[in-house]
Enquirer: 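Here's a structure for you.
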Amino acid sequence: MVDQLPNLGREAEMLSAMGYTSMDDLFSDVPVDVRMQEDLPLRPSQTEEEIIADARRLLGANVPLGSMASFIGAGLYRNHVPAAVFQLVTRGEFLTAYTPYQAEVSQGMLQAMWEFQGLISELVGLPVANLSVYDGSSAAAEAITCAVRVHGRKATQKGVVYVSELVPPDRWSVIHNYTQGGGIELRKLRHLEDGTLDPASVAEAAGACAVYVEQPNPLGLLDASLVGVKDIVGEHTAFIVGVNPVSLGLYEAPGHYGADIVVGEGQPFGSPMTAGGPIYGIFACSNAYMRQMPGRIVGRTIDEDEQTAYCLTLSTREQHIRRHRATSNLCTNETLIALMGAMHMSLLGPEGVRALAVRNAAALHAVVDALQGVSGVELVHPDGHHFNEIAVRLPGTAADCITALEAHGVLPGFDLGRWSDDRADQLLVTATDQTRPEEIERLATAMAAWCAEVVA
Amino acid sequence: MVDQLPNLGREAEMLSAMGYTSMDDLFSDVPVDVRMQEDLPLRPSQTEEEIIADARRLLGANVPLGSMASFIGAGLYRNHVPAAVFQLVTRGEFLTAYTPYQAEVSQGMLQAMWEFQGLISELVGLPVANLSVYDGSSAAAEAITCAVRVHGRKATQKGVVYVSELVPPDRWSVIHNYTQGGGIELRKLRHLEDGTLDPASVAEAAGACAVYVEQPNPLGLLDASLVGVKDIVGEHTAFIVGVNPVSLGLYEAPGHYGADIVVGEGQPFGSPMTAGGPIYGIFACSNAYMRQMPGRIVGRTIDEDEQTAYCLTLSTREQHIRRHRATSNLCTNETLIALMGAMHMSLLGPEGVRALAVRNAAALHAVVDALQGVSGVELVHPDGHHFNEIAVRLPGTAADCITALEAHGVLPGFDLGRWSDDRADQLLVTATDQTRPEEIERLATAMAAWCAEVVA
Amino acid sequence: MNNLWDHTGAAGAGYAQPAPLVAESELNLATSLLRKEAPRWPRLSEPEMVRHYTNLSRRNFGIDTGFYPLGSCTMKHNPRVNEVIAQMPGICDVHPHQPEHHLQGLLAIFHEMQHMLAVCAGMDEVTLQPVAGAQGEFTAVRCIQEYFRERGEAQRTRIVVPDSAHGTNPASAAMAGFEIVEVPSTEDGRIDLQALEAVLDDTIAAMMITNPNTLGLFETDIAAASELVHGVGGQMYYDGANFNAIIGRTSPGLMGFDAVHYNLHKTFSQPHGGGGPGSGPIGVKAHLAPFLPGPVVDVRDAEAGERTVEAGRWFHWREPEHSIGKVQQWHGNAGAVLRCWAFYRRYGRDLRTMSEHAVLNANYLRHAIHREAKDAGVDHLFVDGARTDVAKHEFTLSMQPAKEALGVTAMDIAKGLLDMGYMAPTVYFPLVVPECLMIEPTETEAKDTLDRFAKDFVAVVGTDPATLHAAPVTTPVRRVDEVYAARNLCLRVPEDDL
Amino acid sequence: MNNLWDHTGAAGAGYAQPAPLVAESELNLATSLLRKEAPRWPRLSEPEMVRHYTNLSRRNFGIDTGFYPLGSCTMKHNPRVNEVIAQMPGICDVHPHQPEHHLQGLLAIFHEMQHMLAVCAGMDEVTLQPVAGAQGEFTAVRCIQEYFRERGEAQRTRIVVPDSAHGTNPASAAMAGFEIVEVPSTEDGRIDLQALEAVLDDTIAAMMITNPNTLGLFETDIAAASELVHGVGGQMYYDGANFNAIIGRTSPGLMGFDAVHYNLHKTFSQPHGGGGPGSGPIGVKAHLAPFLPGPVVDVRDAEAGERTVEAGRWFHWREPEHSIGKVQQWHGNAGAVLRCWAFYRRYGRDLRTMSEHAVLNANYLRHAIHREAKDAGVDHLFVDGARTDVAKHEFTLSMQPAKEALGVTAMDIAKGLLDMGYMAPTVYFPLVVPECLMIEPTETEAKDTLDRFAKDFVAVVGTDPATLHAAPVTTPVRRVDEVYAARNLCLRVPEDDL
Ligand SMILES: Cc1ncc(COP(=O)(O)O)c(C=O)c1O
Ligand SMILES: Cc1ncc(COP(=O)(O)O)c(C=O)c1O
């Protein structure tokens with residue numbers, strides 16, 4: 001504490017300069033009946049060295065994925081953030097700045113975010129992107145409220161939005177919380193047995209305010225039928241696609257097959273998983289949605305000398321101006337994490353992002369290969385193309401499998417029973433660019449041993 | 001490699017702009033008979049991710065002191081470098097600058113080094129300090145050659161320098177290599193049984209060019225008799241003291257008891273041990289030695305507008321100007337590590353450096369307490385005051401003890417048999433501010449077990 | 001300076017990667033979906049990328065570069081060890097869906113934070129899930145909404161907000177579906193109890209308010225306001241953005257609040273990162289606790305064989321009984337919570353001293369400015385935003401007199417301060433103070449800095465209007481044309497530059 | 001800006017520490033030696049310290065901020081992953097005196113580096129101990145000295161150095177006790193074989209030379225020079241500062257050298273850190289190997305039970321038979337060697353490509369400057385420092401014509417370039433080129449940067465003399481008065497400021 005408060009020991013001097021004699025004088029306006037009478041019942045202060053020792057002990061008790069053969073993903077992905085990213089993003093000028101209200105001394109972050117918008121725009125194939133929202137889930141939710149604001153009038157199914165039934169319950173819950181206040185009705189967009197969208201369900205959605213679907217879907221499946229969705233739902237229904245941005249290094253940008261809004265979890269670009277946050281949400285749209293977007297947006301402009309400059313723009317959408325009529329309540333967002341994303345993307349370049357996607361695809365390919373050699377394990381969608389992850393059916397519950405494989409140092413995936421009871425025997429197995437061949441071997445060996453045991 | 005060479009893939013374009021067609025054209029001036037004909041017989045290039053994986057594997061095979069109960073020091077000391085230091089020193093402006101030849105765009109490093117000089121000057125009690133030399137050993141060596149340059153004429157023992165016989169052989173060897181070319185004769189300054197300087201030997205040294213002695217000495221002993229040395233050796237013999245700078249938080253600055261030159265290993269301020277380098281050497285002196293100092297020195301000056309500015313000064317001592325008559329061959333030095341030292345010192349402040357010294361003293365006190373409870377272990381200098389380390393006599397060899405205690409996860413100290421055969425049963429046990437009570441307990445327990453075994 | 005797209009490496013330039021585990025030709029790719037055209041991203045080598053972002057950063061102002069008296073934002077120093085801790089594998093390389101026994105360290109930290117926040121605010125339970133203050137507001141309002149639905153009081157569809165409230169308050173309440181009732185403040189910037197009483201009835205779900213308020217004043221009538229709102233069955237919501245002023249001196253609980261959000265990134269110093277990330281936990285009284293988003297962390301006695309991080313205690317996730325569900329898919333901004341935990345540990349119960357110093361610094365600076373202004377004879381050019389003896393952690397000044405006398409606006413003063421090497425105070429907020437400058441120095445600024453700022457502020461006020469209108473001149477760009485930006489929208493790299 | 005002593009925290013301010021393990025009152029301190037007065041260090045809190053050094057850094061120029069064409073210094077990009085590796089506990093928290101089985105990873109890295117450096121230079125053995133190029137020179141010269149003493153040729157007391165040599169060459173040789181014989185270069189900057197021959201006799205221990213030489217020219221007569229020196233029984237010493245130009249294309253071994261130092265911090269990119277640290281290994285032919293400082297790393301078959309990092313191989317320290325002893329007390333700058341190992345791994349055998357690009361960039365820039373100058377009509381204001389078709393990794397320009405015509409010096413041009421946002425080239429070195437600018441772009445600069453620099457350089461050359469004499473004006477300070485510094489020595493904070 002001593003090293004944090006520069007005026008410790010100078011209180012008397014400062015108080016007396018104001019004509020006061022004690023700290024209490026400065027709190028004389030706090031009515032007696034609301035004053036705290038005792039010391040806070042908390043622990044004593046610690047030094048940097050003690051804190052770091054405790055942090056080492058506590059965080060050391062967590063099990064980092066790198067210490068096991070790990071195949072858990074389900075929305076967050078192991079990646080490698082190039083070393084330069086951490087070293088640059090922790091520069092005090094980025095790290096310790098606030099929102100760039102004073103553009104003249106915030107050109108660095110403003111330009112970086114303008115560039116971020118351009119990188120995302122190019123990646124997803126839409127003309128406009130904001131400088132990120134909280135995460136992929138609130139991005140999905142905000143996309144829906146945005147679509148309703150745009151289409152509320154003309155929609156034939158007023159207030160109705162169709163959301164892919166595969167959307168995991170946690171994400172669904174976020175969407176629900178964000179949309180219920182606007183009187184939005186969420187209906188399920190159904191999928192067929194093979195995991196692809198049910199065309200009949202898509203047809204039903206025509207005339208609703210929006211449809212929300214993910215590509216790859218939460219089971220890792222790539223669905224070629226998405227290419228036709230916009231044509232079916234029509235002009236007045238927003239086609240919203242949630243993406244894993246890494247997949248776009250290899251697969252078509254949704255903006256190129258009719259998506260009106262593209263959202264997603266930006267995390268694999270630039271951010272470690274960090275137990276789920278801070279991460280950042282991607283939000284991009286076509287021009288028609290621009291003035292109803294949530295979040296901050298940077299525009300390029302000029303200064304008094306007509307030099308290129310950058311500033312926040314389209315602010316009249318925002319809470320500090322529009323207050324309860326704002327397009328969103330966003331204030332503090334995830335700029336720094338988006339900056340890490342921009343840095344990562346700028347290092348990758350067009351060929352690099354493709355190579356990264358290929359590495360992810362290849363790792364999953366190797367995993368599938370290995371698992372197909374394990375008797376007892378079946379692919380849930382054997383005919384589908386997958387990216388990053390795949391659902392497999394086990395001879396027992398996924399929960400048991402996860403427990404059993406821990407002894408082998410393997411975390412084999414995510415228990416899909418947590419998403420839906422009827423998937424209790426399904427495991428979502430994830431591979432990324434960071435998956436190592438030894439891990440795959442260990443997975444296959446341990447899985448084979450467990451299956452043999454279960455079946456016996 | 002691809003990510004390091006911006007012009008990879010643009011070679012043809014660049015060559016043709018010059019009228020060339022191939023890289024070979026640019027090496028046409030290399031005579032055929034000295035051309036390398038084959039590819040370098042080396043491994044292929046790696047990516048960042050592969051290098052980091054290999055580094056983790058290889059460095060992971062080393063045994064960091066923090067993973068054991070470690071009591072090894074002998075010139076390098078475990079410390080805690082405040083987190084701010086690493087984050088600031090890796091800022092590109094510091095990290096990737098060269099020597100500040102262009103003062104106008106190097107004010108940051110120049111000022112920081114000028115401040116470093118002031119911090120060191122205050123710490124050691126001498127008016128002048130340079131901005132560091134390679135390390136403590138070359139600092140000692142350069143102090144001796146500096147003293148000989150100053151006193152060579154008037155010395156009655158021409159070219160003779162007395163060096164404490166306790167100086168470890170490795171350091172002695174560095175001193176020898178640096179001094180032999182100048183025709184300097186090194187003689188041993190003797191110590192008494194109790195580890196303090198032999199006054200008779202000091203008296204012999206009067207009239208030599210210099211005496212070099214360390215405080216605390218290499219066995220950790222503080223020698224009060226150093227206070228009288230300058231009076232004995234006289235004005236024309238340089239009194240050079242090698243220090244552990246942390247000890248000066250608590251103990252008198254040698255400049256205050258007559259030292260003409262103070263040198264030392266700066267490492268405990270700001271730098272981890274790093275297997276012995278990069279570290280930095282401290283070099284400070286009285287005004288009489290200033291113009292014969294080695295290394296770079298920053299002076300405060302003014303710019304064209306009479307604003308405060310900083311620049312390298314006293315350069316006529318240096319190799320790039322004086323060439324073979326330079327006071328030293330120093331060019332590249334340890335500026336960045338000295339900067340880490342300055343940062344650490346600036347955070348500590350006068351009371352902090354005292355507290356740090358007290359922590360070091362307290363840790364050694366606790367170790368001595370614990371070892372005195374171990375039957376079979378004896379202090380070599382039981383009546384002496386020690387700092388950071390202490391020599392103990394064992395019932396077997398130190399080498400055996402170190403081997404035996406490894407099984408207990410204890411590295412009990414440094415085998416003094418490596419310094420001199422007649423100390424093969426002596427162990428130099430080091431404690432610092434980072435020594436933890438559990439480590440001391442483990443040391444005592446393991447040592448007791450081993451002693452019991454050896455004696456039995 | 002250059003933008004990213006000015007870098008023109010050859011195809012294939014940039015970050016080098018290991019070969020894929022399986023050759024591309026052997027992969028079973030979804031051919032019909034393959035991307036036809038690569039994203040037109042620029043191509044940079046690492047040296048170019050490092051220099052680009054280094055130079056961008058050098059065109060940015062942070063607390064690390066200078067005094068940042070941005071009112072309402074609590075721009076305090078970010079202790080550096082927190083960044084070291086936040087990069088440990090035990091947080092970075094951890095997945096939120098790992099089993100509980102993989103995450104005992106993290107759960108222990110969460111539990112400690114829930115406890116500490118509850119204690120400091122006088123609340124009963126805390127969730128760490130919301131990732132920013134605004135999301136915290138929204139979450140708490142949702143809990144209140146479900147609480148009333150559960151009680152059969154669905155008619156409570158309105159939320160009271162003072163006119164000086166931060167924009168996120170009404171925006172969050174509206175997002176949850178509430179109607180906003182704005183109440184005016186008194187002339188000196190405080191709650192107008194009469195105006196409040198006038199709008200209260202049984203359609204009111206809650207009142208949202210911050211204390212100290214947006215003018216930096218402690219709402220002395222807060223207990224009375226609580227009583228009034230509670231009197232009609234409504235809930236009191238505490239916007240914790242100004243919590244830095246009061247820790248250990250009073251608490252929302254003592255003032256009668258039912259729910260509160262914390263801006264951890266302000267009070268507990270998660271670096272603001274040019275706009276985020278943040279962390280916006282909420283605390284509630286027991287009656288609202290069943291509605292919190294889940295899971296929260298709870299503790300039970302450890303069973304045999306469980307490897308604990310605290311002897312005998314096993315930390316586990318718990319789903320509140322009537323949980324509203326989730327507002328973030330995972331467990332919130334765990335990395336930010338961790339940094340704030342490290343910050344908390346640095347103070348422990350001395351958080352009270354921290355708040356005292358925040359208030360000390362604000363009052364000291366206010367006095368110093370007024371004194372310097374009097375000495376320089378420019379004290380007629382601005383007035384206090386609100387009459388008060390003591391401010392809390394921040395204070396407002398109105399430049400209205402300067403505007404009237406010289407045509408110098410709050411914005412001109414702000415830009416003048418940029419030229420002196422400072423970040424400008426918050427300008428034009430709250431709207432109730434004309435030509436408002438809102439100044440919050442925080443506890444981590446040295447007296448010398450405050451003295452210097454007071455002098456420099458007064459010097460800027462005394463600068464001739466023409467110079468101020470032309471300011472800033474020493475910044476990376478001159479005054480930026482925001483109108484041009486809005487009229488000529490350019491939100492990404494133009495096609496022509498690709 | 002402020003200096004450290006302007007911070008005036010109260011007593012006890014600054015870095016907070018845990019309590020000592022034993023109370024101070026119980027310690028048995030050496031009372032007679034206790035310090036009477038604390039060092040008058042400033043008192044800063046962490047926020048002040050962080051801001052102080054952040055702002056100092058902002059007044060400094062590095063490769064990360066801009067183009068740094070400092071000839072002879074090889075200011076290439078520092079790959080960032082190397083800094084991550086260098087902070088791993090397996091290097092930071094390791095003591096050089098730990099047993100060999102604690103350091104197998106480090107020893108393996110050392111061994112790999114010794115091997116690679118030997119291969120690249122065509123030498124037989126390498127030591128990594130010297131911590132800078134100059135220390136490497138000194139070490140090699142000491143080895144040569146002991147070699148001759150051992151052979152009974154103690155009369156070899158002189159070392160030949162070209163007049164264009166770097167100052168460390170004569171300084172290092174003199175430190176070892178040698179007499180320096182300076183030989184002039186030919187008009188075009190190359191070795192003058194006749195002049196060399198004239199000074200050679202059996203008192204000559206060695207010739208020290210760098211190739212490409214200090215003017216950036218390949219010494220085409222190098223083999224002949226080697227023969228001459230060997231002819232009188234002397235040794236050839238290669239100053240490796242310019243090694244970046246030739247790797248994989250030729251080697252000192254092929255040219256006939258017996259000993260070489262490497263500037264790892266140049267060629268292998270240990271960040272220069274504003275002056276250091278560096279690393280200056282030396283490589284020698286077999287006859288000098290027994291004299292190397294020890295220990296070096298060697299490898300043997302692993303024995304049963306030894307935990308190896310490379311199957312079957314056990315790395316160990318070995319003391320060369322006639323070792324000169326040590327030049328650094330430990331194992332040299334291990335942390336720097338490690339970074340350079342990571343750098344090496346990035347290229348592997350493609351180090352050749354790296355050198356080719358260094359040469360490509362230098363030649364491209366030289367052409368571009370001449371072309372731009374011609375276009376702008378200022379090509380009469382400077383000339384090549386040496387006539388040549390191709391340069392290697394650097395080249396020199398002489399501003400003598402500008403000086404004669406307009407009174408514009410190389411220093412004026414340098415300061416003008418600072419105003420354009422560049423680091424200036426090396427000025428006034430080598431001394432043999434009048435009004436010399438020495439330009440080394442390195443391989444990590446993009447073509448676009450080179451094009452821009454060429455234009456800007458020519459623009460500076462064409463700037464009116466008065467403006468140039470007044471330059472720089474955009475830098476943190478204006479032209480610094482070095483004479484004032486030397487005449488009014490102020491080497492530390494003045495007593496009056498304490
Ligand atoms: C008074 C007040 N309330 C709420 C908020 C919103 O918090 P956040 O920015 O974390 O969403 C702020 C943020 O500036 C604020 O100042
Ligand atoms: C040609 C030449 N030789 C030797 C050296 C000395 O190397 P160091 O600075 O590493 O001591 C240098 C350094 O600038 C150099 O340029």
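Below, read A as the first sequence line, B as the second, and so on, with proteins coming before strands; counting in each chain starts at 1. Quick note: numbers below take in every heavy atom, side chains included, and nothing from hydrogens, waters or symmetry partners.
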Enquirer: Contact between C/E24 and A/R354 at the side-chain level, heavy atoms closer than 4.5 Å - yes or no?
Expert: yes

Enquirer: Where on A/F414 is there a heavy atom nearer than 4.5 Å to chain C: the side chain, the backbone, both, or neither?
Expert: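 Just its side chain gets close to chain C.
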
Enquirer: Please flag which part of A/L76 lies under 4.5 Å from any non-hydrogen atom of chain C: side chain, backbone, both or neither.
Expert: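 When you check distances to chain C, atoms from both the backbone and side chain of A/L76 fall under 4.5 Å.
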
Enquirer: What residue, out of C/M255, C/E443, C/E137, C/R142, has the most heavy-atom pairs lying under 4.5 Å from chain A?
Expert: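 Most heavy-atom pairs within the cutoff with chain A belong to C/R142.
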
Enquirer: Please classify the contact of A/E11 with chain C as side chain, backbone, both or neither, using a heavy-atom distance under 4.5 Å.
Expert: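 Both parts, backbone and side chain.
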
Enquirer: With only heavy atoms counted, which part of A/R56 is less than 4.5 Å from chain C, the side chain, the backbone, both or neither?
Expert: both

Enquirer: Donor-acceptor check, side chain of C/N361 to backbone of C/E445, threshold 3.5 angstrom: yes or no?
Expert: yes

Enquirer: Which one, C/G248, C/S57, C/P472, leads in non-hydrogen pairs under 4.5 Å with chain A?
Expert: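 Option with the greatest count: C/S57.
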
Enquirer: For A/L347, which atoms come within 4.5 Å of any heavy atom of chain C: side chain, backbone, both, or neither?
Expert: both

Enquirer: Go through the atoms of A/L88 and report whether side chain, backbone, both or neither lie under 4.5 Å from a heavy atom of chain C.
Expert: side chain

Enquirer: Considering only heavy atoms, which portion of A/V128 lies under 4.5 Å from any heavy atom of chain C: side chain, backbone, both, or neither?
Expert: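 Only the side chain of A/V128 comes within 4.5 Å of chain C.
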
Enquirer: Taking every heavy-atom pair that is under 4.5 Å apart, which of C/T54, C/D389, C/V84 has the most such pairs with chain A?
Expert: C/T54

Enquirer: C/L254, C/D93, C/D64, C/L56: which one forms the most heavy-atom pairs within less than 4.5 Å of chain A?
Expert: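 Of the options given, most contacts go to C/D93.
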
Enquirer: Which region of A/R10, side chain (C-beta onward) or backbone (N, CA, C, O), has a non-hydrogen atom less than 4.5 Å from a non-hydrogen atom of chain C, or is it both or neither?
Expert: side chain

Enquirer: Please flag which part of A/E252 lies under 4.5 Å from any non-hydrogen atom of chain C: side chain, backbone, both or neither.
Expert: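 For A/E252, heavy atoms of backbone and side chain both lie under 4.5 Å from chain C.
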
